[in-house]
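Comments concern the structure below.
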Amino acid sequence: MSHPLSISERARAGLGARSEGGAPDAAYLDGLNDEQRAAVVATEGPVLMLAGAGTGKTRALTTRIAHILASGRAYPSQILAVTFTNKAAREMRERVRGLIGDGMEGMRWLGTFHSIAAIILRRHAELAGLKSTFTILDADDQVRLAKQVINDAGLDEKRWTGRHIATVIDGWKNRGLTPDSTPGNEAYFFAEGRAIELFRTYQDRLKTLNAADFGDLLVHNITIFQKYPDILADYQSRFRYMLVDEYQDTNVAQYLWLRLLAQKSKNICCVGDDDQSIYGWRGAEVENILRFENDFPGATVIRLERNYRSTPAILGAASALISANKARLGKTLWTDRQEGEMVRVRGIWDGDEEARLVCGDIEAEQSSGRALNHMAVLVRASFQMRAFEERFNALGIPYRVVGGPRFYEREETRDAIAYFRLVRSQDDDLAFDRIANKPARKLGGQSLQGVHAHARANGVSNMTAARELITSDELPAVGRNALRKFIEMVDRWAREAKDLPPRDIAEIILEESGYVDYWRHSKSAKADSKLDNLKEVIQAVSEFDTMEAYLDHVALVAEHNEASPDGEVWLMTLHAAKGLEFPVVFLPGWEEEIFPSKRAIDENGEAALEEERRLAYVGVTRAMEDCRISFAANRQVYGQWRSQMPSRFIDELPEDFVQVDSQPGLYGAAARDLASHSRFDGAALETDTYYDNPGWRRARAAKARPAGAPPIIDGRATTVSVNAPGAAKFDVGARVFHQKFGYGRVTEAEGQKLTVEFDHSGPKRVVDTFLEAG
DNA sequence: GCGCAGCCCATTTTT
DNA sequence: TGGGCTGCGC
């Protein structure tokens, strides 16, 4: 393959004669700070741009692209710019367009890792044993396929779930492994030691289905690059400049892919923030960014540390928090802003109360003129959302949950797409299975089992098996006729698809298949919205020139632009909040076992704890003006009341930037007084600042600390001491009483934290201040 | 096919 | 606690 430089491409890019040397005084450099400017003009050789939260990294990145183009270093088609999300890709495209005007059509290598890898793989599909029309499977298909593989292997599907094996296989692919290169010892614990065998079967099945899953897109690329040096060389010389966004989130496969491509030009600029690496559990390797200077010798490292987003208190709190991590490159965010509120930390009696107070704050902000969409509630896990949703509904506060079930994951959209997939690629058994009898067309379990058995016995796809079966008498006449009709339909659509625009063919398929009628006649309450969604599908299809393009879009751009009205409070997980910013941010549920998540730590120990801490850092740095952290002393989790400890992250916040508004005595001597009330009036507590003054804090700390221990002197203490260590008031064996759990006996004491065997609710960990002598 | 009872489980989820 | 899945009975 050759890559002639088209003149029109140059013209579109607005390029004059190519000139060496940049134009450091060009207008687009105006308004950049020194570091940003350095990151823009350091075009040659490897560059690591360590860009802290809110430091204008996208601006630097897009200006860098503009600079490369404007200085004639490369044509748009010679720049590879990869992101993780479509949203980021879109934003980058728009912003580069804003800088250079036209010429963006030539920038065809700006996209997500997966979309770019898919383009490359389609060009060389046969080298990976696929046809260029291969289908891209989504996560759901992967699980279903994995399930089939487990069943075929005769393993117990309950013991080894499809999801489990799919996750294991995905993990290997994230590391760039194939069945041949996966170390044998890794499979030992999975599926009776047969995991690699399952991996191999899974890959064989994919080939038969003419399909690739997400991981394959990258792994096939890598395999092809390694096996065919001429192809690799071709891309190496094409991509003169490479830019990578969110480098801290790259997995091994992506790293290998980048390294192969960058070997020749070495002009690779990776942008990221090790402190915001929160996808380790999905295969992201923070080490990639930590190791950058070793991987790319002679690399220039540029730190963007000037923050344009947040107040000094927010930055101070975030910086102190993240400094507890060991595995980091180290950055210090600063701002020249002076003004701003302290970060507020509030300890609250229980989870419901927390939701009430947060929503009360939101209403108060709203009535003082703050727009609802300038506020966000960020939680660790989605189960925490319910309390807030209930409260929002009760108060009539409009809110928006980010990240719920997505358009392309809904049943009806997936069904519709399965029809399209089958028409395009009749080997797509997953699509076949999904819709062969949906709507019911008398293709019951018997007939389909017959199809499967025949397909497996002859090593052919379900469609092919079906074709063969209708000419034999292996199936009962009813099934045979149904199958024949089904095949005829699919064949007819496939013929029509050659001549008709995708929108028309989509409509024909959905109508003639009876799928639309299926929902029209459905008594389900959801039928109307399903029908609306099907219309949406057709609408979406009509925006594409070919069905192939639409299907790729669906697989790779699993998002759907839905109207996003203003005037709604945002409610989402911390993960979903990455990359966003809000004037006011609420961070509830900062309690041990919830945040940091117990499960994460159980699974991954210290590394997971650091990742949880990065998540906390991401949360705090989303706030522009006002950050309000809270924790509850009691919380219902899975229907059980639990006594909660404040998160260790609370203790890591610096006192200088934090104002504590704990409800009086939650973790101090007044706990019993407090506990004797049946409820707390949120409004009263909010104005109750009596307990929030240094004297009270000192008194509280003094009461809590063991006799003889030095007092905490105000101003000297470096952390917030809501959780000051102290001696337990009760000895092991003591009878105690707790407001929620009743009577019990102390079985273990560790500082103020006691384990109590309650007579009726079993063993619990509680803080001694909640207990009275029983 | 459907409806219901019982059972199990329960982070995060860019593509 | 509650949702999602399964298996059973019609």
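Below, chain A is the first sequence line, B the second, and so on; all start at residue 1.
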Residues in side chain to side chain donor-acceptor pair (under 3.5 Å) contact with Y617(A), at least two apart in sequence or another chain: none

CG of D552(A) versus P of dT15(B): gap in Å, rounded? 14 Å

Under 4.0 Å between any heavy atoms, over every strand shown, what does N437(A) touch: base, sugar-phosphate, or nothing? Just pick one. sugar-phosphate

Need two values: the first and the last nucleotide of DNA chain C, 5' to 3', having an atom under 4.0 Å from any heavy-atom of chain A. dT1(C) to dG7(C)

Scan A440(A) against the nucleic acid and name what it touches under 4.0 Å (heavy atoms): base, sugar-phosphate only, or nothing. sugar-phosphate

dT14(B) OP1/OP2 closer than 4.0 Å to side-chain N/O of N86(A): no

By ring pair (Phe, Tyr, Trp, His ring centres under 6.0 Å) - contacts of H220(A) (at least two apart): none

Between dT15(B) atom C1' and D138(A) atom CG, what is the distance in whole Å? 10 Å

Atom-to-atom span, CD of E409(A) to C1' of dT14(B) - whole angstrom: 12 Å

Using whole Å, what does the distance between atom P of nucleotide dT14(B) and atom CG of N174(A) come to? 14 Å

Residues which pass ring pair (Phe, Tyr, Trp, His ring centres under 6.0 Å) with Y247(A), listed by chain and number, not counting sequence neighbours: F292(A)

With sequence neighbours excluded, give me every side-chain hydrogen bond (donor to acceptor under 3.5 Å, both in side chains) pair touching residues 434-445 of chain A. E411(A)-K438(A), D415(A)-R434(A), D415(A)-K438(A), Y419(A)-R441(A)

Could you pick out which residue, R441(A) or E246(A), lies toward the 5' side of DNA chain B when each is mapped onto its nearest nucleotide? R441(A)

Sorted by chain and number, sequence neighbours left out, salt bridge (charged side-chain N to carboxylate O under 4.0 Å, His left out) with E581(A) holds for R309(A)

For DNA chain B, the residues among residues 214-224 of chain A that have a non-hydrogen atom under 4.0 Å from it: F214(A)

Ring-ring centroid check F199(A) Y202(A), cutoff 6.0 Å: no

With no hydrogens and no angle check, is any side-chain donor or acceptor of N533(A) less than 3.5 Å from a backbone partner on E536(A)? no

Considering only the P atoms, how many Å lie between dT12(B) and dC5(C), rounded to the nearest integer? 16 Å

Taking only N/O atoms, report every protein-nucleotides 11-13 of chain B pair under 3.5 Å with atom names and distance.
unit_1  : atom_1 : unit_2  : atom_2 : d
dT11(B) : OP1    : Y638(A) : OH     : 3.1
dT11(B) : O4     : A600(A) : N      : 3.4
dT11(B) : O4     : E603(A) : OE1    : 3.1
dT12(B) : OP1    : S382(A) : N      : 2.9
dT12(B) : OP1    : S382(A) : OG     : 2.4
dT12(B) : O4'    : R380(A) : NH1    : 3.2
dT12(B) : O2     : W281(A) : NE1    : 3.4
dT12(B) : O2     : R380(A) : NH2    : 3.0
dT13(B) : OP1    : T573(A) : OG1    : 2.6
dT13(B) : O2     : R282(A) : NE     : 3.2

Contacts of R424(A) that satisfy salt bridge (charged side-chain N to carboxylate O under 4.0 Å, His left out) - sequence neighbours left out: none

Just the rounded figure in Å: distance from C1' of dC9(B) to CD of Q640(A). 14 Å

Under the ring pair (Phe, Tyr, Trp, His ring centres under 6.0 Å) rule, collect the residues that match up with F649(A), sequence neighbours excluded. F595(A)

Sequence neighbours excluded, which residues qualify as ring pair (Phe, Tyr, Trp, His ring centres under 6.0 Å) partners of F134(A)? none

Could I get the full list of side chain to side chain donor-acceptor pair (under 3.5 Å) partners for H452(A), not counting sequence neighbours? D433(A)

